[in-house]
Amino acid sequence: MNQWLDERLHLSRLNDKFLRKAFPVHHSFFLGEITLFSLVILILTGILLALSFEPSNTLVVNSFDPGTADKPNMIPAAYHSVLKINAMPFGDLLRRIHHWCANIMVAASVIHMMRIYFTGAFKKPREINWWIGLLAMIFAALTAITGYILPYDNYAYNTVKVVYGITASVPWVGPWLAQAVFAGNFPGDGIIPRIYGYHIMLLPMILLATVGAHMLIMIKQKHTQPQYAKRLAYKKIVGVPLMTQQTPIMILLLLLLAGLVMLFSAFVPVHPVEYFGPPSTTPINNIKPDWYLLWVFGALAIIPSFEFHVLGGIIGSEFTGAMLFPAIPLGLLFLVPLLDRSKENMYYAENPTNHPVRLAAGVAFLAFMLILSLAGYKPDLISAGVLKSESANAVLWILVFVVPAVAYFATMAIVRGIGRLHAANERERAAHALHDDAHGAHSHD
Ligand code: HEM
């Protein structure tokens with residue numbers, strides 16, 4: 001059978017090329033795999049959800065609460081189909097697994113990126129894979145955001161309203177762009193079919209293409225090697241082959257992830273559509289995006305209101321806070337591989353504390369994003385009495401720049417302190433060794 005297949009499909013060549021690939025044995029290399037496996041679970045649960053979801057915002061009678069013949073209770077078909085999914089056996093569980101996996105995928109890709117950054121794995125020759133990975137992360141977040149809009153409850157309705165406003169605020173082309181993206185004026189009949197197309201076709205296809213390219217490049221360039229590989233066999237690839245050792249480990253990881261997500265989903269509900277209700281003109285107080293978008297929301301919350309008229313276009317605070325300002329941290333992430341000028345290919349994952357400036361800059365960047373995310377809670381901080389409404393913006397802006405600076409210098413001081421401690425220990429050990437040698441030589445005499 002093997003020979004029969006091989007004569008036709010040349011499978012043994014595939015085996016030599018891909019299945020013998022060595023995988024480093026180190027837990028930090030599971031982060032990329034967790035991201036990948038969340039994507040697998042998302043696709044499987046997404047296909048099942050699509051079988052019962054109705055991508056339309058046309059109004060239909062609510063079969064759970066039909067109202068009266070004179071005054072039927074009309075709700076969008078998409079919202080109605082989500083209520084129906086919730087009422088199906090395992091329907092609610094399926095929604096929860098899909099939702100939590102979206103969060104895990106974005107979180108795992110962020111932590112995976114941190115591993116790559118802090119160990120220097122973005123250096124030559126892996127710069128292209130850093131850029132492709134970043135694109136994959138951005139498209140993963142976009143896919144998740146479009147998913148939030150699909151149930152078309154009042155939360156989704158208000159979210160689209162905000163995002164429509166931001167898109168329309170782009171100078172010169174904004175209104176035209178918003179109509180093109182959202183299939184007409186807000187809230188048009190075409191919104192849900194359009195967002196559905198983005199969520200189940202356009203964005204997943206781009207995501208799969210970027211993740212596929214990411215994997216092929218990673219196989220071609222091979223993983224960076226953990227430090228222990230240097231001691232075992234210098235400049236040789238140390239690891240277990242994909243077939244047969246790494247594959248069972250990966251299957252185990254996938255099953256473990258699926259099991260944990262299922263257990264978590266059984267107890268922790270997701271976005272409660274019934275709580276928000278169908279779209280209504282009553283705005284929801286204090287609406288917030290998911291955690292990974294809070295930093296953009298925070299920037300928008302603290303930017304002062306202004307408007308410049310330039311060549312017939314308007315550059316306002318909405319466009320600056322939600323688009324221009326967030327482009328700075330994303331742009332910095334794209335620039336990361338260009339900061340390193342080494343001519344040699346990078347082989348071994350580096351110890352983060354041996355690169356204090358890189359480590360401190362990374363910690364400062366994380367602090368910057370955290371404080372901006374905190375700014376997203378401005379109304380809550382004011383109502384809890386932590387901030388005064390007159391000075392909240394100024395205080396938060398100061399924190400946005402001061403906390404990262406403090407984080408930078410504190411990290412540098414800690415790393416240098418640890419370095420000095422290590423050096424002192426080394427000196428003491430060397431002095432002891434010298435003393436023991438001298439003592440040994442004495443007793444021989
Ligand atoms: C969003 C979807 C992503 C998926 C599914 C994914 C998946 C993976 C996997 C499975 C690996 C091999 C195992 C590992 O090194 O952990 C890997 C390696 C790598 N990834 Fe990603 N990744 C994603 C995002 C990112 C991001 C956001 C970046 C950086 C900005 C990135 C940069 C890299 C690099 C440079 C490598 C090679 C690392 C090395 O050889 O040590 N990836 N990725």
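Counting convention: from 1, in listed order, for ligands and their atoms alike.
Considering each of H112, M218, M113, the one bringing a non-hydrogen atom nearest atom 43 (N) of ligand 1 is H112. The closest non-hydrogen atom to atom 11 (C) of ligand 1, taken over E127, M137, M215, comes from M215. Of the listed residues (F334, F29, F122), the one carrying the non-hydrogen atom nearest atom 13 (C) of ligand 1 is F29. Counting only non-hydrogen atoms, the option in L31, I219, L36, T35 that gets closest to atom 2 (C) of ligand 1 is T35. Comparing M114, H26, R115 by heavy-atom distance to atom 14 (C) of ligand 1, the nearest is R115.
Considering only heavy atoms from C-beta on, Y152 stays 4.5 Å or farther from I195 through its side chain.
Seen from the ring of Y347, K235 counts as a face-on cation partner, given the 6.0 Å and 45° thresholds. Geometrically, R96 does not engage F267 in a cation-pi contact defined by less than 6.0 Å to the ring centre and at most 45° from the axis. Taking the ring axis of F23 as reference, the NZ or CZ atom of K21 stays within 45° of it and closer than 6.0 Å to the ring centre. In this structure, R126 fails the cation-pi test against W130, since its NZ or CZ atom is not both closer than 6.0 Å to the six-membered ring centre and inside 45 degrees of the ring normal.
The ligand atoms of ligand 1 that sit less than 4.0 angstrom from a heavy atom of E33 are 10 (C). For ligand 1, the atoms sitting less than 4.0 Å from at least one non-hydrogen atom of W130 are 29 (C), 30 (C), numbered in the order shown with element in parentheses. Heavy-atom contacts of A121 reach the following atoms of ligand 1: 35 (C), 41 (O) (cutoff under 4.0 Å). Taking a cut-off of under 4.0 Å to the non-hydrogen atoms of I116, the atoms of ligand 1 that pass are 19 (C), 20 (N), 32 (C), 33 (C), 34 (C), 35 (C), 36 (C), 38 (C). Under a 4.0 Å criterion applied to the non-hydrogen atoms of G133, ligand 1 contributes the atoms 24 (C), 25 (C), 26 (C), 27 (C), 28 (C), 31 (C), 42 (N).
For L39, the heavy-atom gap to ligand 1 stays at 4.0 angstrom or more.
Note: an N/O pair closer than 3.5 Å links H214 and ligand 1 by distance alone. Annotation: S109 places no N or O atom under 3.5 Å from an N or O atom of ligand 1; distance criterion only. Checked against a 3.5 angstrom limit, the closest N/O atoms of N129 and ligand 1 fall outside it.
Other residues, nucleotides and ligands place more than 12 heavy atoms under 6.0 Å from the OH atom of Y292. Other residues, nucleotides and ligands contribute only 12 or fewer heavy atoms inside 6.0 Å of the CH2 atom of W176.
Closest to atom 37 (C) of ligand 1 among all protein heavy atoms lies R126 CD, 3.9 Å. Looking at atom 41 (O) of ligand 1, its nearest protein heavy atom turns out to be T224 OG1, 2.5 Å. Scanning the protein for heavy atoms near atom 10 (C) of ligand 1, the closest one is G32 C, 3.4 Å. Of all protein heavy atoms, the one closest to atom 12 (C) of ligand 1 is H223 NE2, 3.4 Å.
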Problem set entry | From CA spacing to verdict: salt bridge (charged side-chain N to carboxylate O under 4.0 Å, His left out), E54, K84 | CA-CA 10 Å; E54 210 171 313; K84 283 207 229 155; 5.1 Å; no
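The ring-ring contact (aromatic ring centres under 6.0 Å, His included) test with F325 is passed by exactly one of F319, W397, W295: W397.
A search for side chain to side chain donor-acceptor pair (under 3.5 Å) contacts involving S81 returns nothing, not counting sequence neighbours.
Rounding to the nearest 0.5 Å places CD1 of I97 at 12.5 Å from CZ of R95.
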